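Single-structure report; data block below.
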Number of protein chains: 4
Amino acid sequence: MARGRKFNSNGERSKQILLEKAIELFSDKGYYQTKISDIVKAANVTQPTFYLYFKSKDALYNDLNIQFQSGFLEALESQSTEIVENGLKGFVTLLEQKLLNLFVYITENPKLTKIGFIESEQSHIVKTQLTQQIIHLIYLHDCDKDLQMYSVDMKIMIDSLVGSMERLIIIYLLEQKKLPADLANDIIQLYFWKTKETI
Amino acid sequence: MARGRKFNSNGERSKQILLEKAIELFSDKGYYQTKISDIVKAANVTQPTFYLYFKSKDALYNDLNIQFQSGFLEALESQSTEIVENGLKGFVTLLEQKLLNLFVYITENPKLTKIGFIESEQSHIVKTQLTQQIIHLIYLHDCDKDLQMYSVDMKIMIDSLVGSMERLIIIYLLEQKKLPADLANDIIQLYFWKTKETI
Amino acid sequence: MARGRKFNSNGERSKQILLEKAIELFSDKGYYQTKISDIVKAANVTQPTFYLYFKSKDALYNDLNIQFQSGFLEALESQSTEIVENGLKGFVTLLEQKLLNLFVYITENPKLTKIGFIESEQSHIVKTQLTQQIIHLIYLHDCDKDLQMYSVDMKIMIDSLVGSMERLIIIYLLEQKKLPADLANDIIQLYFWKTKETI
Amino acid sequence: MARGRKFNSNGERSKQILLEKAIELFSDKGYYQTKISDIVKAANVTQPTFYLYFKSKDALYNDLNIQFQSGFLEALESQSTEIVENGLKGFVTLLEQKLLNLFVYITENPKLTKIGFIESEQSHIVKTQLTQQIIHLIYLHDCDKDLQMYSVDMKIMIDSLVGSMERLIIIYLLEQKKLPADLANDIIQLYFWKTKETI
DNA sequence: AATGAATGAGCCTTCATTCAT
DNA sequence: GATGAATGAAGGCTCATTCAT
């Protein structure tokens, strides 16, 4: 019977809680198995309140993806202030740095990552972009020819790398089984091992 | 008004068409976005006919997963008749053979693979099993120590390999952009490159 | 694939089995919870065979009611060959005889009775008719005034008697807990006790 | 097109109307022939509104049974404040009182009674309980031996009484053909006539 | 006489979304 | 800012019944 604004309520706070619960539920149960009723129940508000802050279920999910993507890109692009060497070594060093940044971000946002990097439709795009960024990096360091010793096409190699990253993220990072730095190092070892050794 | 049997109807055929359309739709649109009404429309039968052959939408999806899994496992286990060498080289040779079989199966069943290896809940289990099988193979060939030169834990290496496989399958095999043999070779090159060269 | 007439099949036999299974199922589970698929499964024939012998589920149910009713009425009307006395005593003696006949029939057809006397829509009519028959009997024996000592309206008394019969049939006859003769006697005792004693 | 809340809508009222219409329809047409669409049509709401207040059709039906049973039991147990005599006379007096209470309740809730006492599966239990309560009453008044003059087993006598009650309720009470007090008196007369007279 | 195969019609239920307060 | 109450639009599934063989 009692309607209207809740005692002690606050708009931004409600939205924040809704977002948090949505991330948790979408991540744990997936988009289709998460009902809006679940989210609002978890956030302890009513359904119309949900629509006060989000246009639709789909829009919210999209928001979360955008949120993930911007964090992800930011982590990827955050320039390390150190001077970057050129050549393969410079590339590998920078890549490890970037992987580290990425993995830190992921470790700090595992549920959001599950949504934006693993489960959502848009995750395909993110992974494609990641691939392209890495390839871009290779060209920037002018070391595409150095990679020919791998005897497979560079594109395939990077696709492979990205696939490998995805799985290792799922198994080790989202489950908190490895530290970001360790995993970044492992991946670099795996893919650029000979490099490190010989140089 | 006209009820009952169609002119040239045949049970097995109807079931077959339903299966094919289901694979196509589940693969293209995903489980939740594929309605039974879509499937039966595509198969040109009515909804009750669907339930003549499948217990429920869920049961059908599960059937498809089982079907994929058994084909997948069969491909993985099909023994090549050649004598298998021991040691790393033997392992790598056999692994390439198995990847080839797998990739042939996948190329022949791209949509089913998308369902059973990429999209479904059960795909996690399949990938875990694949990982374990490869590790098992390593021990069988008694070459786990040979892999220590990779300077990363073997488990991580194989996890990485499986992740890589998944992504390359999506990009190159499901899209028919590469031949099974070529992709198998590429992966072997990527992960066991030094081996090949030095031996 | 093999269609057409079953080896050793026989029309009347199929119909008989269907009837038996239908009685059993309708009686045990009720009209709505008994599916035609249940009946034909129990009878080990296919659904179209059912429609070979019965126009519809409803028609079959109605047939069973008719069958019950005719057996019931026959039992009720079967004239005992003994000469019937007039007056209350004659009435009571005859009523007991009739109850006995009825109860024998019911004991021999418990499942059909459950359908036709307890569960079906038509059972109301049967009970009303039973009531009227008994009242008719009273007038025939010209003993309606004798019953005024009961200090309740005769109609109510007979309604009560019929209700009592129904419940005792359910509890004692359908469950085979009492013999027809015993139950008939009990009921007579209960309702015409004083009579018996004083006359 | 117009969704959302109605002008003068009120939750409790909607639920109440739904309950009333459900009682009416279940009572008139039976469980299986009453569709949820019928109920909501009668209540002038849409189907989802139904599920706002009831978990399922079955759950609602069960609720109605519970509602009937508790009213029924309450009526049966409501202690008359008068001092109760011991012996047969006390028992008969109390029983009549209780029948009266019961019949008043039934007269006030004829449709609910039809559901809970006549049609539903659970009605069997209710009648069994009623029988046991009456038998309990007999023992309480220590007059089981007094009833041996009836020359039939007491259990059968009470079963008969309950059957009689059921039928008389259907014919006279649900159809509003008799007043509660009159029917209670009639039944007492019928079953304990001699008692009344001789004492 | 009997069957394999199929269907029309409908029922229960769920879910995202929206009004009126 | 927030809610109680309600709804449009499906979706999965079942069942009696019928056709062609």
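Below, chains carry the letters A, B, ... as their sequence lines are ordered, and counting in each starts from 1. Fair warning: this is a prediction, and the values are worked out from it, not measured in the lab.
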task: Fit a plane to each ring of D:Y32 and C:Y32, take the angle between them on a 0 to 90° scale, and name the class: parallel (under 30°), tilted (30 to 60°) or perpendicular (over 60°).
output: parallel
- prompt: Would you call the rings of C:F26 and C:Y31 parallel, tilted or perpendicular if under 30° counts as parallel and over 60° as perpendicular?
  reply: parallel
- prompt: Hey, which of these two, B:Q47 or A:T49, hits DNA chain F nearer its 5' end, going by closest nucleotide?
  reply: A:T49
- prompt: Would a distance-only check, ignoring hydrogens and angles, find a side-chain to backbone donor-acceptor pair under 3.5 Å from C:S27 to C:K114?
  reply: no
- prompt: To the nearest angstrom, how far is A:K41 atom NZ from F:dG4 atom C1'?
  reply: 16 Å
message: Any donor-acceptor pair under 3.5 Å linking the side-chain atoms of B:N62 with those of B:Q122?
response: yes
query: Would you find a donor on one side and an acceptor on the other, under 3.5 Å apart, between the side chain of A:T113 and the backbone of A:N109?
result: yes
- prompt: Which residues, if any, of residues 50-67 of chain A bring a heavy atom under 4.0 Å of DNA chain E?
  reply: A:Y51, A:S56, A:K57
query: Would you call A:F50 and A:L60 a side-chain contact if the rule is heavy atoms closer than 4.5 Å?
result: yes
message: For DNA chain F, please output the secondary structure as dot-bracket, reading 5' to 3'. Pairs are Watson-Crick or G-U wobble, both atom distances under 3.5 Å; mark crossing pairs with [ ], other-strand partners with |, unpaired with a dot.
response: .||||||||||||||||||||
task: Indicate yes or no: does B:K111 engage B:D28 in a salt bridge with an N to O separation below 4.0 Å.
output: yes
For atom CG of C:N44 and atom C1' of E:dA2, their distance in whole Å: 12 Å
query: Is any side-chain heavy atom of A:Y53 less than 4.5 Å from a side-chain heavy atom of A:L19?
result: no
- request: Using only side-chain N and O atoms of C:S14, determine if any of them is under 4.0 Å from OP1 or OP2 of E:dA2.
  value: yes
message: As a test of understanding, state which of B:V45, B:L18, B:I23 forms a side chain to side chain contact (heavy atoms under 4.5 Å, CB included) with B:I39.
response: B:L18
- request: Check each residue of residues 15-37 of chain C for a non-hydrogen atom within less than 4.0 Å of any atom in DNA chain F, then write out the ones that pass by number, or none.
  value: C:T34, C:K35, C:I36
message: Would the distance check show the side chain of B:K21 and the main-chain N or O of B:A43 forming a donor-acceptor pair, the cut-off being under 3.5 Å?
response: no
message: Could you check whether C:T49 and C:T46, counting side-chain N and O atoms only, form a donor-acceptor pair closer than 3.5 Å?
response: yes
query: B:R3 side chain: which of E:dT7, F:dA2, E:dA16 is closest?
result: E:dT7
